[in-house]
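Below you'll find the structure, written out as structure tokens, and then a few comments.
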Amino acid sequence: MMICYKDDATCIQMLSVQPDTKPKGCAGCNRKIKDRYLLKALDKYWHEDCLKCACCDCRLGEVGSTLYTKANLILCRRDYLRLFGVTGNCAACSKLIPAFEMVMRAKDNVYHLDCFACQLCNQRFCVGDKFFLKNNMILCQTDYEEGLMKEGYAPQVR
């Protein structure tokens, strides 16, 4: 058995209907489930077509193994985050970052993916690239080292 309650999240299980069992009633349409598969979520049984997001109407069994409930709504992850997620501001551009958007983080700072670039030369970082956080600015290795040399912090080469 799968159990995954986290805040307002609940797991969705897809179960195979056994031919020798009495058909279960669907929590969505109240009809008997005679399909080959059914979904179990919120301690109830559902037709695959009946367990849908209240906002975008997507079939929750197809978009993942988790649904979210809040304010008597059954929601997919994206709509749950859009409606109830915590938003913040990008440390580079100061614009709002929607709760469902992918972000980059550096210490306590959060950035849009497009804003995660050197703040002096605008070089975008790829996975595995080194970056430096100095005075709350993201810098590439070249600009960081040049800044150290200007400030007199560069190690002396002998």
Side-chain angles (χ1 to χ4, degrees), residues 1-119 121-141:
M1 182 173 182
M2 213 183 338
I3 300 176
C4 71
Y5 289 99
K6 180 184 172 206
D7 300 326
D8 301 321
T10 303
C11 282
I12 302 170
Q13 288 180 281
M14 180 174 276
L15 304 172
S16 193
V17 176
Q18 302 303 320
D20 56 341
T21 59
K22 181 181 173 189
K24 301 191 181 326
C26 175
C29 68
N30 295 317
R31 293 191 318 258
K32 297 288 183 196
I33 302 172
K34 296 177 184 175
D35 301 344
R36 185 173 180 190
Y37 296 99
L38 60 82
L39 299 175
K40 184 176 181 186
L42 304 169
D43 294 322
K44 298 175 184 172
Y45 297 98
W46 309 77
H47 288 106
E48 291 179 83
D49 287 337
C50 291
L51 189 57
K52 293 183 178 183
C53 175
C55 287
C56 70
D57 218 27
C58 70
R59 291 172 47 160
L60 294 171
E62 292 178 354
V63 295
S65 61
T66 307
L67 64 82
Y68 296 81
T69 57
K70 188 141 185 162
N72 291 325
L73 296 171
I74 296 175
L75 302 164
C76 65
R77 181 179 190 274
R78 182 177 174 90
D79 284 326
Y80 174 80
L81 291 173
R82 185 176 56 80
L83 294 171
F84 301 108
V86 178
T87 59
N89 291 338
C90 176
C93 71
S94 300
K95 292 181 182 170
L96 187 69
I97 301 174
F100 58 84
E101 190 172 303
M102 297 282 286
V103 296
M104 294 298 289
R105 294 180 186 276
K107 292 197 178 183
D108 294 331
N109 296 337
V110 182
Y111 302 87
H112 293 106
L113 292 181
D114 290 339
C115 294
F116 195 68
C118 177
Q119 291 177 295
C121 70
N122 294 319
Q123 173 191 330
R124 295 210 38 215
F125 297 106
C126 297
V127 175
D129 286 351
K130 281 187 179 181
F131 69 90
F132 298 84
L133 197 59
K134 182 161 175 57
N135 299 329
N136 227 19
M137 284 179 58
I138 304 172
L139 301 173
C140 66
Q141 188 165 359

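Residues: numbered from 1 along the sequence shown.
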Pair F116 + F131: ring centers closer than 6.0 Å: yes
Tell me whether W46 contacts the main-chain N or O of L38 through its side chain, where contact means a donor paired with an acceptor under 3.5 Å. no
Can you check whether L96's main-chain N or O pairs, donor with acceptor, with H112's side chain at less than 3.5 Å? yes
To the nearest 0.5 Å, atom CG of D129 lies from atom SG of C140 at 9.5 Å
Straight-line distance of K130 NZ to Q141 CD, nearest 0.5 Å: 5.0 Å
What's the verdict on side-chain contact (heavy atoms from CB on, under 4.5 Å) for C90 and V110, showing C-alpha distance, side-chain angles and the deciding distance? CA-CA 6 Å; C90 176; V110 182; over 6 Å; no
To the nearest 0.5 angstrom, please state how far the CZ atom of R78 sits from the SG atom of C53. 11.0 Å
Steps toward side-chain contact (heavy atoms from CB on, under 4.5 Å) verdict (K32, K24): CA-CA 6 Å; K32 297 288 183 196; K24 301 191 181 326; over 6 Å; no
Does D79 use its side chain to pair, donor to acceptor, with the backbone of C76 at less than 3.5 Å? no
Measure the shortest side-chain to side-chain distance between Y45 and I33 over non-hydrogen atoms and say whether it is less than 4.5 angstrom. yes
Could you give the distance from CG (D49) to CD (E62), rounded to the nearest 0.5 Å? 8.0 Å
Run L39 and L60 through side-chain contact (heavy atoms from CB on, under 4.5 Å) and show every step you take. CA-CA 10 Å; L39 299 175; L60 294 171; over 6 Å; no
Side-chain donor or acceptor of Q119 paired with backbone N/O of I138 under 3.5 Å: yes
Interatomic distance, CE@M104 vs CG@N109, rounded to 0.5 Å, equals 12.5 Å
Between S65 and C11, is there a side-chain heavy-atom distance shorter than 4.5 Å? no
Any heavy-atom pair between the side chains of K40 and M14 that's under 4.5 Å? no
Once rounded to the nearest 0.5 Å, what's the spacing between atom CZ of R36 and atom CD of Q18? 10.5 Å
With a 4.5 Å cut-off on side-chain heavy atoms, are Y111 and R105 touching? no
In the structure I gave you, are the side-chain heavy atoms of I12 and L51 within less than 4.5 Å of one another anywhere? yes
Do V17 and K34 have side chains that approach each other closer than 4.5 Å (heavy atoms only, starting at C-beta)? no
Should D35 and H47 count as side-chain neighbours, where that means a heavy-atom distance under 4.5 Å? yes
Within a radius of less than 6.0 Å around CZ of R77, do more than 12 heavy atoms belonging to other residues, nucleotides or ligands occur? no
For D114 and R124, run salt bridge (charged side-chain N to carboxylate O under 4.0 Å, His left out): C-alpha distance rounded to whole Å, both residues' side-chain angles, the deciding distance at 0.1 Å, then the answer. CA-CA 8 Å; D114 290 339; R124 295 210 38 215; 3.5 Å; yes
Do the non-hydrogen side-chain atoms of T69 and L75 ever get within less than 4.5 Å of each other? no
